[in-house]
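Keep in mind that the numbers below use all heavy atoms, side chains included, and drop hydrogens, waters and symmetry copies. Every chain is numbered from 1, with letters handed out A, B, ... down the list of sequences.
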2 protein chains.
Amino acid sequence: MDSLAALQQLVPELEDFLERRYTLLKVIRNLAPVGRRQLATQVGSSERIIRAELDLLRDQGLVVTSSVGVSLSPQGELVLSSLQSMVREFHDLEYLEQTLAQALGVGRMIIVPGDADVDPGGKRDLALATVRFLQDTLRDGDILAVTGGTTLSKVAESFPAPEFTGRVTVVPVRGGLGEDVKIQANSIAARFAEGLGGSYRLLHAPEDVLPCYVEQILSEPRIRDVIALGRRANVLLHGIGTAEEMAKRRGFDEEIIMKLIAEGAVGEAFGCYFDARGNIVYNTTSIGLRLEDLEKIPLVVTVGGGRSKAWAVMSVLSRGYCDVCITDEGVARRLMTLKEIR
Amino acid sequence: MDSLAALQQLVPELEDFLERRYTLLKVIRNLAPVGRRQLATQVGSSERIIRAELDLLRDQGLVVTSSVGVSLSPQGELVLSSLQSMVREFHDLEYLEQTLAQALGVGRMIIVPGDADVDPGGKRDLALATVRFLQDTLRDGDILAVTGGTTLSKVAESFPAPEFTGRVTVVPVRGGLGEDVKIQANSIAARFAEGLGGSYRLLHAPEDVLPCYVEQILSEPRIRDVIALGRRANVLLHGIGTAEEMAKRRGFDEEIIMKLIAEGAVGEAFGCYFDARGNIVYNTTSIGLRLEDLEKIPLVVTVGGGRSKAWAVMSVLSRGYCDVCITDEGVARRLMTLKEIR
DNA sequence: CCCCGTCGGGACAATTTTGATCCCGGAGCA
DNA sequence: TGCTCCGGGATCAAAATTGTCCCGACGGGG
């Protein structure tokens with residue numbers, strides 16, 4: 001019997017303590033410096049109880065308080081990172097990873113604790129996990145293809161000080177979409193290249209075009225070259241969108257959105273809308289990588305978190321081309337119930 | 001940073017919980033089946049608090065209650081044994097072992113949690129650790145020399161069902177002393193042989209004799225042979241007595257006892273009384289192994305626990321012939337202060 | 001320069017949890 | 001058959017936890 005399991009059985013209240021303080025430390029790290037009241041609303045607890053916890057954490061030397069609020073001490077950072085594996089164990093994340101990888105036919109699942117829908121810090125953890133995975137995976141000379149979206153944008157912001165000396169070429173494989181420059185594949189590619197210490201290309205094209213113009217755009221040499229480079233990528237990193245959200249971002253009419261949903265569309269990737277089983281419900285004529293291109297890419301990595309994306313994740317993974325899926329506990333637990341496991 | 005250390009820092013109350021429940025489980029194991037009130041007096045806590053703990057332990061499935069009292073469930077046994085290493089870590093026993101081994105010039109220290117003076121179960125743990133050590137150490141054909149005393153008697157009682165198939169010869173190396181048959185070296189040798197699955201010899205001689213009779217007794221062939229066999233032992237296991245206790249057991253006059261103590265005698269072994277530095281203060285003319293014989297024995301193992309024996313342990317270890325010392329936390333912590341470490 | 005929001009810390013009553021102590025019916029034992 | 005010890009229930013006082021204010025201080029923005 002594992003001694004940690006034994007401890008858990010002998011001291012069941014440990015889980016509550018660990019959970020509470022661990023999330024508190026995480027929130028403090030995300031918002032530091034921060035005050036009691038703000039913390040209380042963040043973690044959904046009363047001010048007084050937060051105060052008690054803070055007093056204890058201060059006595060333990062894990063946080064420091066100043067007139068502007070409370071922050072993590074170096075010791076606190078250390079404890080937080082040391083406890084990651086233990087929290088994973090308490091949440092049974094290894095079990096979730098293996099079970100879901102098998103159930104969904106994905107090569108590998110990486111699940112981070114938390115839920116991006118509930119905890120604002122969740123997206124950050126997801127992004128950090130993705131960065132870590134990329135740094136462990138990418139090798140000199142690799143070509144990394146990236147898409148757009150808020151999730152990947154968050155990843156792009158999460159690279160630590162550039163120390164990675166690899167020479168990676170980052171290629172955007174989606175055109176421009178919407179108004180926010182930060183979530184464009186081009187911007188993301190640039191920040192990835194900066195963070196990874198490599199170079200990047202730009203895809204000067206819109207995401208959606210009328211079918212009759214596709215030919216014309218693709219005949220543009222610069223665009224064609226970049227797309228061709230994307231097809232030769234070693235690694236593809238792409239986000240997952242809910243069908244509704246992506247439809248809105250594309251500026252679809254209410255009517256069409258309703259029709260999509262009525263037909264069962266729940267997820268979107270590369271301009272295709274999928275139902276829960278992974279069938280294509282609707283297909284836009286989009287510039288960039290196509291679904292069929294994915295089979296030639298050796299390593300396809302999918303990122304997405306927040307329980308509201310559970311259906312979308314399931315639909316996209318059901319297509320079967322995904323090698324690695326990085327998501328969070330919120331999605332994972334909902335997937336377990338959707339797949340009727342246990 | 002070790003994740004257990006991090007956990008301890010983030011959840012400091014864990015130590016209290018663990019300590020309380022662990023000792024409670026241990027006491028239950030020792031006394032099962034046992035009632036609340038008896039438990040309360042044993043662990044020095046109130047009845048009500050014991051009740052609360054028992055309710056929780058029952059919910060966790062670690063104990064079972066019947067009309068005759070509460071006992072450990074199989075699950076409880078499992079948890080107890082799984083948690084041993086963690087308790088050792090919480091008490092820093094590894095650190096104590098290494099530090100004291102170095103400070104006292106002993107090859108190896110083995111320290112079990114608890115204090116035999118306070119916790120009645122402490123002696124049992126000490127005995128079990130000794131048994132385990134012997135089973136791990138003894139090989140076919142070894143000669144094991146044993147002395148008498150309450151501690152070794154407890155060890156003798158703690159052998160599990162005989163499964164060890166080695167052929168060990170157990171030799172008593174002390175004569176008869178006092179009235180209690182159970183603590184005689186002869187009885188102990190017999191039970192050791194039974195527990196280890198070997199044979200034993202008997203030493204038919206008193207412990208203390210007048211000097212003029214020593215020659216005569218040693219001329220007896222059976223006695224001489226057994227003593228000679230003891231001198232050739234591979235392993236010697238001997239207990240440690242406080243000077244006062246051993247003097248009383250020998251039936252010394254109050255006057256002589258006072259004189260011994262005045263001269264600084266604190267420990268006794270093999271008929272010699274030592275002061276704190278290991279100097280011989282008084283020497284009885286005793287039958288059996290002599291102090292000078294110990295140097296020829298490859299492995300000398302010393303056992304003794306209960307903080308009242310700390311001085312005795314220190315004095316005996318100061319002689320320098322001890323290879324392995326098995327003791328408990330009560331002694332170890334007092335030794336740390338006596339040696340002025342930290 | 002001052003105002004305003006938020007900060008940490010102090011104070012205090014309300015509430016919940018905890019602790020000590022009986023009591024009772026029942027099971028084993030002599 | 002009486003006696004002792006068992007678990008479980010009940011009660012009440014003490015202690016802790018918790019919710020809610022208030023205060024002076026600091027800092028950023030108007």
Side-chain angles (χ1 to χ4, degrees), chain A residues 10-77 120-121, chain B residues 10-77 120-121:
Chain A
L10 188 63
V11 190
E13 43 272 84
L14 173 60
E15 191 164 351
D16 301 334
F17 280 107
L18 182 59
E19 181 76 27
R20 190 152 28 116
R21 300 207 180 131
Y22 187 80
T23 57
L24 189 60
L25 280 190
K26 261 203 324 194
V27 172
I28 291 174
R29 183 180 60 180
N30 287 338
L31 304 177
V34 63
R36 287 198 314 251
R37 293 155 245 255
Q38 198 182 336
L39 276 178
T41 61
Q42 271 297 331
V43 304
S45 188
S46 83
E47 177 198 330
R48 194 60 183 76
I49 202 165
I50 294 292
R51 166 126 63 136
E53 294 294 340
L54 285 185
D55 286 346
L56 187 141
L57 291 177
R58 179 154 13 90
D59 286 349
Q60 294 293 320
L62 302 181
V63 301
V64 288
T65 73
S66 69
S67 66
V68 294
V70 50
S71 327
L72 279 196
S73 72
Q75 183 70 356
E77 303 263 10
Chain B
L10 188 64
V11 190
E13 43 273 84
L14 173 61
E15 191 164 351
D16 301 335
F17 281 104
L18 182 60
E19 181 77 26
R20 190 152 27 115
R21 301 209 178 129
Y22 186 79
T23 57
L24 189 60
L25 279 191
K26 262 204 322 196
V27 172
I28 291 174
R29 183 181 60 181
N30 286 338
L31 304 178
V34 63
R36 286 199 313 254
R37 292 157 249 255
Q38 199 181 337
L39 277 178
T41 61
Q42 272 297 331
V43 304
S45 189
S46 83
E47 179 197 329
R48 190 62 184 77
I49 200 166
I50 294 291
R51 167 126 62 136
E53 294 295 340
L54 284 185
D55 285 346
L56 187 141
L57 291 178
R58 179 152 14 90
D59 286 348
Q60 293 294 319
L62 302 180
V63 300
V64 288
T65 73
S66 69
S67 64
V68 293
V70 50
S71 328
L72 278 196
S73 73
Q75 184 70 356
E77 303 262 9

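- Applying the 3.5 Å distance criterion, the base of D:dG7 shares no donor-acceptor pair with the side chain of B:R58.
- A:L57 is not listed as a side-chain neighbour of A:V70, based on a closest heavy-atom distance of 4.5 Å or more.
- Counting to the nearest Å, the C1' atom of C:dG9 and the CG atom of A:D55 are 9 Å from each other.
- Rounded to whole Å, atom P of C:dG9 lies 16 Å from atom CD of A:E53.
- Interatomic distance, B:D55 CG to B:T65 OG1, rounded to the nearest 0.5 Å: 9.0 Å.
- Rounded to an integer number of Å, the gap from A:R36 CZ to D:dC22 P is 14 Å.
- Rounded to whole Å, atom P of D:dC5 lies 13 Å from atom CD of B:E47.
- Here the P atom of nucleotide C:dC7 and the CD1 atom of A:I50 are 12 Å apart, to the nearest Å.
- Using modelled atom types, one side-chain atom of B:S73 and one backbone atom of B:L62 make a donor-acceptor pair closer than 3.5 Å.
- Each of A:A52 and B:S66 has a nearest nucleotide on DNA chain D; the 5'-most of these lies closest to B:S66.
- Taking only side-chain nitrogens and oxygens, B:S67 never comes nearer than 4.0 Å to OP1 or OP2 of D:dC6.
- Distance B:D59 CG to D:dG7 P: 16 Å, rounded to the nearest Å.
- Residue whose closest nucleotide on DNA chain D sits further toward the 5' end, between B:R48 and B:P33: B:P33.
- Rounded to whole Å, atom P of D:dA13 lies 21 Å from atom CD1 of B:I49.
- Atom CG of A:L25 and atom CG of A:N30 lie 11.0 Å apart (nearest 0.5 Å).
- Here A:Q38 lies in heavy-atom contact (under 4.0 Å) with sugar-phosphate atoms only.
- Rounded to whole angstrom, the span from the CG atom of A:L54 across to the P atom of D:dT17 amounts to 16 Å.
- Distance from the side chain of B:V70 is smallest to D:dG7 among C:dC22, C:dG8, D:dG7.
- Residues A:E47 and A:I50 are not in side-chain contact: their nearest non-hydrogen atoms beyond the backbone lie 4.5 Å or more apart.
- Under 3.5 Å, the side chain of A:R51 and the base of D:dG19 form no donor-acceptor pair of N or O atoms.
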